J.: 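The structure under discussion is supplied below as structure tokens; questions concerning it will follow.
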Amino acid sequence: MSPADVRRTLLIIGGAEDRIGRSVVLKRFVKLAGGRRSRLVIIPTASSFATEVAEAYRDVFTRLRGGEIAVVDPRTRRDSGDAQMIADLDAATGVFLTGGSQVKLSQNIVGTPVGEAVLRAYARGAVVAGTSAGASIMSRFMISLGEEGVTPRQRSSQISAGLGLVEDIIIDQHFDQRGRYGRLLAMVAASPNLLGMGIDENTAAEIRDDRRMTVVGAGAIFLVNARNAITDAAEARRGAPLLVSGAVVHTLPTGSTFDLDAVELTDFVERHPDIEGAVVPATVRAARTAAH
């Protein structure tokens, strides 16, 4: 199969995805990776509890009838040269990066042999998925630190290098639940060539061949295009509210299909996802999970 014939897929998840109910988002990952014939690799490096997180996802993917499952967890950049880790990734049909600290991912994955193996997996057609911090790391430039809130403010956020699976989009996660509108707007005000993508919890952007995006899950995706907006980002003082006028905003629920190159909606089919998953806060769902 030539590179032109390879179908590349990303599944970028806003965090706090349902693991005990219908598990719509995670079920989609397993299906895209090949179901029972899949070879899944979990990368829990972002988490401070990597072993426990890896086992939790192993249990979920097993329940969802995934195939073989391996864990790749480089704790340092030096670990990222491990031959077995590289071999597991080179054989994978699906790669899943968990949540935690995106700075840890940038330090231990980006620009390492493990990071290069993830890029190779994507290039040959393996589905690459990430949740929370694992979502942020997908972009070439990622938000690594930043203040939350509705108002965009000058220099309120920090960016770090990501994997570059997504070139011209900057991604934020837990978007509606943590009120991250302001910091995403501040990012695109300073870099208007980038689209800003904010993904709600229990929601995913499924991106095919770097262009066609469909929305999966209970929430929505907020997409902002500031390429023709007026902004004072070049003059504003540190911490000052930013002018952002004329940006185009798209709010895309499940059933939306969007062309990321043309930056336009191409289709919408009304659907009714799990309403409870959309309106019950992640903290409440986490408490219910612990009770079970």
Side-chain angles (χ1 to χ4, degrees), residues 10-17 19 25-26 29-30 33 38-62 66-124 126-146 157-166 170-174 199 201 282 286 289-290:
L10 300 174
L11 193 67
I12 309 175
I13 307 166
E17 67 282 355
R19 299 187 207 172
V25 173
L26 297 180
F29 168 67
V30 172
S38 63
R39 295 186 299 276
L40 307 179
V41 171
I42 301 167
I43 302 179
T45 304
S47 177
S48 299
F49 306 95
T51 300
E52 293 83 353
V53 166
E55 285 305 307
Y57 278 105
R58 184 191 293 274
D59 290 345
V60 175
F61 295 147
T62 299
E68 299 175 14
I69 302 173
V71 176
V72 167
D73 182 24
R75 303 297 177 92
T76 67
R77 290 185 74 84
R78 184 173 296 178
D79 293 342
S80 292
D82 181 84
Q84 186 59 56
M85 292 186 187
I86 305 305
D88 287 339
L89 285 164
D90 283 340
T93 62
V95 179
F96 190 91
L97 295 101
T98 76
S101 166
Q102 47 259 55
V103 176
K104 288 179 69 176
L105 286 176
S106 186
Q107 289 176 335
N108 297 338
I109 300 290
V110 175
T112 70
V114 161
E116 292 302 316
V118 174
L119 297 177
R120 284 198 305 274
Y122 176 63
R124 62 176 167 76
V127 57
V128 179
T131 184
S132 192
S136 291
I137 199 71
M138 298 281 194
S139 54
R140 182 181 175 195
F141 305 105
M142 70 168 184
I143 302 174
S144 54
L145 296 170
S157 301
Q158 173 180 308
I159 62 171
S160 299
L163 283 168
L165 293 163
V166 177
I170 193 160
I171 298 164
D172 213 343
Q173 16 78 12
H174 301 283
I199 308 176
E201 293 179 351
T289 301

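The structure presented is a predicted model; accordingly, all values stated were derived computationally and were not measured. Values reported hereafter were calculated over all heavy atoms of this structure, with side chains retained and with hydrogens, waters and symmetry mates removed.
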J.: Looking at every non-hydrogen atom in both residues, tell me the closest pair between Val95 and Ala121 and how far apart they are.
T.: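 Looking at all heavy atoms of both residues, the shortest contact is CG2-CB, 4.3 Å.
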J.: Return the set of residues passing side-chain hydrogen bond (donor to acceptor under 3.5 Å, both in side chains) with Arg75 (not counting sequence neighbours), or none when no residue passes.
T.: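 Asp73.
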J.: Please name the pair of heavy atoms, one in Asp79 and one in Met85, separated by the smallest distance, quoted to 0.1 Å.
T.: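 Nearest heavy atoms, Asp79 then Met85: O-SD, 3.7 Å.
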J.: Just by modelled atom types, is the Gln158 backbone N or O under 3.5 Å from a matching donor or acceptor in the Ser144 side chain?
T.: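 Indeed, once roles are kept as given, a pair shorter than 3.5 Å links the two residues.
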J.: Please determine which of Val166, Ile170, Ile137 meets the side chain to side chain contact (heavy atoms under 4.5 Å, CB included) test together with Met142.
T.: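 Going through Val166, Ile170, Ile137 one by one, the side chain to side chain contact (heavy atoms under 4.5 Å, CB included) with Met142 is satisfied by Ile137 alone.
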J.: For Tyr57, give me all partners under ring pair (Phe, Tyr, Trp, His ring centres under 6.0 Å), at least two apart in sequence or on another chain.
T.: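 Only Phe61, Phe96 meet the ring pair (Phe, Tyr, Trp, His ring centres under 6.0 Å) criterion with Tyr57.
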J.: Quick check: closest heavy atoms across Val41 and Ala92, and the distance to 0.1 Å?
T.: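 Heavy atoms of Val41 and Ala92 come nearest at CG2-CB, 3.7 Å.
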J.: Is Arg124 reaching over with its side chain to a backbone N or O of Thr93, donor-acceptor style, under 3.5 angstrom?
T.: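 Judged by distance alone, no pair lies under 3.5 Å.
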J.: Using the side chain to side chain contact (heavy atoms under 4.5 Å, CB included) rule, pick out the option among Leu163, Ile171, Ile159 that qualifies with Ser139.
T.: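 One option only clears the test, and that one is Ile171.
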J.: For a quick check under 3.5 Å, do Ser160 and Ser106 share a side-chain donor-acceptor pair by atom type?
T.: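 Ser160 vs Ser106: no donor-acceptor pair found between side chains.
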J.: Would you say the side chain of Leu165 lies within less than 4.5 Å of the side chain of Ile12, judging by non-hydrogen atoms?
T.: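 No, every pair of side-chain atoms sits at 4.5 Å or beyond.
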J.: Closest approach of Gly66 and Val30, non-hydrogen atoms and distance?
T.: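 Of all heavy-atom pairs spanning Gly66 and Val30, the closest is CA-CG1, 3.7 Å.
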